[in-house]
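A short write-up of the structure that comes next.
Proteins come first, then strands; the chains are lettered A, B, ... in the order of their sequence lines, and each starts at number 1.
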Amino acid sequence: MALRLFNTLTRRKEEFQSIVEGKVGLYTCGPTVYDFAHIGNLRAFIFEDLLRRYLKYSGYQVKQVMNLTDVDDKTIRGSKEQGVSLAEYTQTYKEAFFEDLRNLNIEPAEVYPAATDHIQDMVDLILRLRDRGYTYEMDGATYFRISDFKEYGKLAHFKIDQLKVGARIDADSYEKEEARDFALWKAWDEEDGEVFWETELGKGRPGWHIECSAMSMKHLGEQFDIHTGGVDNIFPHHENEIAQSEGATGKPWVNYWLHCEHLLVEGKKMSKSEGNYYTLKDLSEKGYDRKAIRYLLLSTHYRQQLNFTLAGIDASRSALQRLYDFMENLKRVRKGGNHPEVAECVAETKKNFGQAMDDDLNISGGLAAIFDFVRKINILAAGGKIARGDAVEIVRTMENFDTVLGVLEYKQREIDEDVERMIQERHQARTSGDWKKADEIRDRLREMDIILEDSPEGTRWKIL
RNA sequence: GGCGGCAUAGCCAAGUGGUAAGGCAGGGGUCUGCAAAACCCUUAUUCCCCGGUUCGAGUCCGGGUGCCGCCUCCA
């Protein structure tokens, strides 16, 4: 089995081969910390988390770097509007970002470099580009001349002369030789206020694209394995990064480019005016479960547009409940011994899961393998063919899959004394045959999202 | 104008040219005091439409229709 990934550079699935045996250098474009992340951003982070986790599951040691863009037009504008320093302004959103990651059970990257901590690295890279003749200066700013980089357009699959010079060009007021050229270093102007650095390139601040080139190479080397982001980053951001990085080093930079599709919300493009623009906090406040949100964002293939709906969160919640119940039931098995069918079933499931995921992270196939497994084991369990040893092995298998999915771990909340008393009371009622009272108590608990299940071994409860 | 993607059941969603995975929801049943969970049966003679290639097409080709994206800073 070998992992195959769809490479945006070649537009086809390629067998993944890391530069250093057993190790992967992964750069994932991170947030611009000017606002709270919306679920579209979160989808990208979850896709990257899935990739990271599956690489680890496959035996790779992963070094992931995710940048924090903490200086650009939007952060500067935001800090000015609020009358706080840039650092203070972005700190709020950095913290919110990390809180979202924790809430969605996204594994932390190894390095989170902030742009403002790497100004000198960017300047050095720009100077290298200048030495190699890719830059020009105008009005105190430094630009990259894309016509000097012959491979420009190889990622987005554009020919330079196909680029239409559109109306949006006017949005950038800087003077350039060619509208298509992009800024490496922006000259300070009054709008920037206190935000500037005095460097060999003059007084100003870095352009957006240069940070990813500088910080990825600093932390992962001049050539590394995988670079990811949303499809909207393909052009111009990633195209420009390639021009800068390969222009500076003269060698290939990234081997595999992976991009995740956007999502729609209730069938429409997410926008604040449509009222379908959600942050994780919005959804939590509506009572939606974070694990279910993670599952929903995870369960559609990353190159497929995902239609995010509130009903979909509920459906995901139900699917997860099936897995939770499965795990809980296994933990209750007491009978000793084990059965050979189980080992067979485990081996087959691992194979199916791996084959699906190896195919460009085909999560639908991976989940199908897991749900097939659940059904087969439940059938064995219904036939009394699951013993303690089997259960342990099955749980271990599921936990192994969950190192990739990150949705199974959940805390069973504790019940309080009142609920405990009600369950006792119902037990009394049942033993004395007072079904009416027993059912009434069960209904009341149901309304509190507590489900009672009677079994030969006694009554169990679970909290939804 | 240029480049690209998608269309599979009520919903979500897989699918090397060989006879439609999986999840949610729905219906019927077994178990249960009744439930819940679990299990069994059931829900697409058909994959947007029209042609074509082929013994055979959801899969390939041509032509439509619809939705979406990119073409300078939006994951």
How would you list, by chain and number, every residue that makes a side-chain contact (heavy atoms from CB on, under 4.5 Å) with A/Gln321, sequence neighbours excluded?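 For A/Gln321, the residues satisfying side-chain contact (heavy atoms from CB on, under 4.5 Å) (neighbours in sequence not counted) are A/Arg317, A/Tyr324, A/Asp325, A/Lys462, A/Leu464.
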side-chain contact (heavy atoms from CB on, under 4.5 Å) against A/Val392, all qualifying residues, sequence neighbours excluded: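 Result, side-chain contact (heavy atoms from CB on, under 4.5 Å) vs A/Val392: A/Arg388, A/Arg396.
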G-U wobble or Watson-Crick pairing nucleotide for [N] (cut-off 3.5 Å, both distances):
N: B/G1; value: B/C71
N: B/U30; value: B/A38
N: B/G18; value: B/C55
N: B/G66; value: B/C6
N: B/U46; value: none

Using atom [atom1] in both nucleotides, what's the gap between [N] and [M] to the nearest angstrom?
N: B/G28; M: B/C48; atom1: P; value: 32 Å
N: B/G2; M: B/G10; atom1: C1'; value: 40 Å
N: B/G51; M: B/C40; atom1: P; value: 42 Å
N: B/A7; M: B/C12; atom1: P; value: 12 Å
N: B/A20; M: B/A57; atom1: C1'; value: 13 Å
N: B/G66; M: B/G26; atom1: P; value: 36 Å
N: B/C24; M: B/C34; atom1: P; value: 25 Å
N: B/U54; M: B/C61; atom1: P; value: 16 Å

Distance in angstrom units between [X] [atom1] and [N] [atom2], rounded:
X: A/Leu264; N: B/G5; atom1: CG; atom2: P; answer: 18 Å
X: A/Asp325; N: B/G23; atom1: CG; atom2: P; answer: 15 Å
X: A/Phe6; N: B/G4; atom1: CZ; atom2: C1'; answer: 10 Å
X: A/Glu261; N: B/C74; atom1: CD; atom2: C1'; answer: 13 Å
X: A/Gln321; N: B/A25; atom1: CD; atom2: C1'; answer: 16 Å
X: A/Leu101; N: B/A75; atom1: CG; atom2: C1'; answer: 13 Å
X: A/Glu239; N: B/C73; atom1: CD; atom2: P; answer: 15 Å
X: A/Ile234; N: B/C71; atom1: CD1; atom2: P; answer: 10 Å

Electrostatic pair [X]-[Y], nearest N-O below 4.0 angstrom:
X: A/Asp402; Y: A/Arg53; value: no
X: A/Lys13; Y: A/Asp359; value: yes
X: A/Glu425; Y: A/Lys437; value: yes
X: A/Lys186; Y: A/Asp192; value: no

Base, sugar-phosphate, or nothing for [X], non-hydrogen atoms under 4.0 angstrom?
X: A/Asp72; result: nothing
X: A/Ala311; result: nothing
X: A/His262; result: base
X: A/Ala368; result: base
X: A/Gly312; result: nothing

Indicate the atoms forming the closest heavy-atom contact of A/Glu151 with A/Glu246, along with that distance.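 Scanning both residues, the minimum pair turns out to be OE1-OE1, 3.9 Å.
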Between [X] and [Y], is the gap from one ring center to the other below 6.0 Å?
X: A/Tyr152; Y: A/Phe144; result: no
X: A/Phe373; Y: A/Phe353; result: no
X: A/Phe36; Y: A/Tyr93; result: yes

Selection from [options] that lies nearest to any side-chain heavy atom of [X]:
X: A/Phe235; options: B/G69, B/C24, B/C71; value: B/C71
X: A/Ala319; options: B/G22, B/C24, B/C73; value: B/C24
X: A/Asn41; options: B/A75, B/C24, B/A21; value: B/A75

Side chain to side chain contact (heavy atoms under 4.5 Å, CB included) partner of A/Thr90, chosen from A/Thr69, A/Thr32, A/Thr75: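 Looking at A/Thr69, A/Thr32, A/Thr75, the match for A/Thr90 under the side chain to side chain contact (heavy atoms under 4.5 Å, CB included) is A/Thr75.
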Atom pairs, protein N/O to nucleotides 39-41 of chain B N/O, distance under 3.5 Å:
from	atom 1	to	atom 2	distance (Å)
B/C39	OP1	A/Arg322	NH2	3.4
B/C39	OP1	A/Asn378	ND2	3.2
B/C39	OP2	A/Arg322	NH1	3.4

How would you summarise protein contacts on nucleotides 27-36 of chain B per nucleotide, using B for base, S for sugar-phosphate only and - for none, with heavy-atom distances below 4.0 Å? ------BBBB
Hey, does the side chain of A/Lys74 come within less than 4.0 Å of B/C73's phosphate (OP1/OP2), counting only N and O?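 Checking B/C73 against A/Lys74, no side-chain N or O comes under 4.0 Å of OP1 or OP2.
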Is A/Lys385 atom NZ crowded by more than 12 heavy atoms from other residues, nucleotides or ligands, each under 6.0 Å away?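 Counting neighbours around NZ of A/Lys385, 12 or fewer heavy atoms of other residues, nucleotides or ligands fall under 6.0 Å, so no.
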Listed pairs, N/O of protein and of nucleotides 12-16 of chain B, under 3.5 Å:
from	atom 1	to	atom 2	distance (Å)
B/A13	O2'	A/Ser364	OG	2.9
B/A14	O5'	A/Ser364	OG	3.2
B/A14	O3'	A/Asn362	ND2	3.2
B/G15	OP1	A/Asn362	ND2	3.3

Does A/Arg43 make a cation-pi contact with A/Phe308, if we ask for NZ or CZ under 6.0 Å from the ring centre and within 45° of the axis?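 No, a cation-pi geometry is absent between A/Arg43 and A/Phe308.
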Keeping the roles fixed (side chain from A/Arg294, backbone from A/Leu104), state whether a donor-acceptor pair exists under 3.5 Å.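 Side chain of A/Arg294 to backbone of A/Leu104: a pair is present.
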Whether the side chain of A/Thr309 engages the backbone of A/Glu266 through a donor-acceptor N/O pair (distance < 3.5 Å, no angle test) should be reported.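 No: the side chain of A/Thr309 does not pair with the backbone of A/Glu266.
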How about A/Asn7 and A/Leu5: do any of their side-chain heavy atoms sit closer than 4.5 Å?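 When only atoms from C-beta onward are counted, A/Leu5 and A/Asn7 do not touch, as no gap falls below 4.5 Å.
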Heavy-atom nearest nucleotide on RNA chain B for A/Ala156 versus A/Pro236: which residue maps closer to 5'?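 Going by which nucleotide is closer to the 5' end, it is A/Ala156.
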Contact list please: residues 27-36 of chain A against RNA chain B, heavy atoms, distance less than 4.0 Å, in numerical order.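 Per residue number, the list is empty: none.
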Between A/Arg375 and A/Asn378, do the side chains contain an N or O donor and an N or O acceptor separated by less than 3.5 Å?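 There is no such pair between these side chains.
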